[in-house]
Amino acid sequence: MDVFKNLIRWYHKNKRDLPWRRTSDPYKIWVSEIILQQTRVDQGMEYYIRIINRYPDVNALANAAEDEVLKTWQGLGYYSRARNMLLSAREIENKHSGHFPENYCDIRNLKGIGDYTAAAIASIAFNLPYPVVDGNVLRVISRLEGITDPIDSASTKKYILNLLEEKIDKKLPGDFNQALMELGALICTPSNPRCIICPLNVHCNAYHTGRIKQIPVKTKKQAKKIRYFEYFIILVREDNKWFTFLEKRSGEDIWKGLYQFPLIETKSLLQNPIEEFFSRNKGFIRPDDILEQYTSKMISHILTHRIIKARFQMLLLESADEEFYEGFKVDYKKLFSYPFPRLTDRYLKVFVEKFEKKFV
DNA sequence: CATACGTGGCT
DNA sequence: TAGCCAAGTAT
């Protein structure tokens, strides 16, 4: 069967020139694979450049502070990737003497590395014959083989993995894996695949049976739930300097490890947010101390399975009793050194335009 | 096995 | 436009 020979030939002729394809450094390949989890090349590219510049090797990353790594990752999403990458860098420093592990098992045991990423690093960096099964591969193979079982079920993934374990090029498994993914990214796309120029079209079951639009099959997704976030940007002047208040997000929830302004979360829209804030933070600020107050428009922040409806309350204050607040006080000038989710970062840019000249 | 986790581009 | 989905992982 020369199906995959055509694929490899196509890959060498058509592959994109990407920075992580110009190195054999497992560290850099690892960083690229973490960034590319659920993320398009176009979106991840600038982050890859930034991270490699800032942390050129495992040691540099291992010695970084979590806040700094998260700031570097700010805007990319799925922030546990950044936290786990840092944990794994430290693990490599401490338990592998700073040397990136070279076998599948040790790679797979690192935090943030699952079946896909372990196979990707093992094959690309160390030439080990582990097939990758990612979204591209599931789409390409299910079409090629005319698989109509849902590709998001474990059994279908296992079936495709077993199939590829037989087919994988043992000499150049990294190229084999990347060729399959590259085909999925450039030709065998989810919508409007370019079957006419596909190097596998002769052998493609879905193509020949007119089922390209029906395959792959996926089980249904659930509806979006709405969360309401009411933020309070509190500004206080002391000794001719402006301060605000922040909290670090913890717990198993969205944006863990990032920072936020004092927040009230509700399941429905708050009618009197300021009142609610006073009653929840007794002694922190007093209504009499408010010099100026502004309420932003409602901002809808759309996530895959969530809609966050957020609003920012800006309060300019005479004074505040920080002992009654659980977060911490920040010099306004240092605000932008903290990692924030996109929602906050976006609003902050509007905020600066609109208000900064009033008090800075 | 289902669900949570971000963001942005495309249809 | 609302929905889909992108080089997945952890729980």
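Labels below follow one simple rule: chain letters A, B, ... track the order of the sequence lines, proteins then strands, and each chain is numbered from 1. Quick caveat, the model's predicted, so the values are computed rather than measured.
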Write down the distance between [atom1] ([X]) and [atom2] ([N]), rounded to a whole number of angstrom.
X	N	atom1	atom2	value
Ile151(A)	dG8(C)	CD1	C1'	13 Å
Ile113(A)	dA7(C)	CD1	C1'	13 Å
Glu33(A)	dA6(C)	CD	P	16 Å
Lys157(A)	dT9(C)	NZ	C1'	10 Å
Lys158(A)	dC1(B)	NZ	P	13 Å
Trp20(A)	dA7(C)	CH2	C1'	9 Å
Leu180(A)	dA7(C)	CG	P	11 Å

Heavy atom of residues 126-146 of chain A under 4.0 Å from DNA chain B: which residues? none

Could you work out the separation of [N] and [M] based on their [atom1] atoms and round it to a whole Å?
N	M	atom1	result
dG6(B)	dT1(C)	P	26 Å
dA4(B)	dA7(C)	P	23 Å
dT11(C)	dC1(B)	C1'	11 Å

Would you indicate what [X] reaches in the nucleic acid, counting non-hydrogen atoms under 4.0 angstrom: base, sugar-phosphate, or nothing?
X	answer
Arg21(A)	base
Asp115(A)	sugar-phosphate
Trp73(A)	nothing
Ile121(A)	nothing

Test log, rule ring pair (Phe, Tyr, Trp, His ring centres under 6.0 Å), inputs Phe261(A) and Phe232(A): CA-CA 6 Å; Phe261(A) 293 105; Phe232(A) 298 84; over 10 Å; no

Each nucleotide in nucleotides 2-11 of chain B should get exactly one letter: B, S or -. Can you fill that in based on protein heavy atoms under 4.0 Å? --SBBBB--S

Main-chain N/O of [Y] paired with [X] side-chain donor or acceptor, under 3.5 Å:
X	Y	answer
Asn201(A)	Cys195(A)	yes
Ser123(A)	Ala119(A)	yes
Thr39(A)	Gln37(A)	yes
Arg249(A)	Ile254(A)	yes
Thr344(A)	Phe340(A)	no

May I ask you to check whether Tyr259(A) and Tyr338(A) place their ring centres under 6.0 Å from each other? yes

When the ring centroid of Phe328(A) is compared with that of Phe245(A), is the distance short of 6.0 Å? no

Closest non-hydrogen contact found for Arg83(A) with Leu70(A) is CG-CD2, 4.1 Å

Tell me the closest heavy-atom pair linking Ser296(A) and Arg311(A), and the distance in Å. O-CG, 3.4 Å

Got a list of protein N/O to nucleotides 1-4 of chain C N/O distances below 3.5 Å?
none

Taking for Lys111(A) and for Glu182(A) the nucleotide of DNA chain C with the nearest heavy atom, the one nearer the 5' end belongs to Glu182(A)

Between Lys170(A) and Glu165(A) (salt bridge meaning N to carboxylate O under 4.0 Å), is one present in this structure? no

Salt bridge present between Lys158(A) and Asp115(A) (N-O < 4.0 angstrom): no

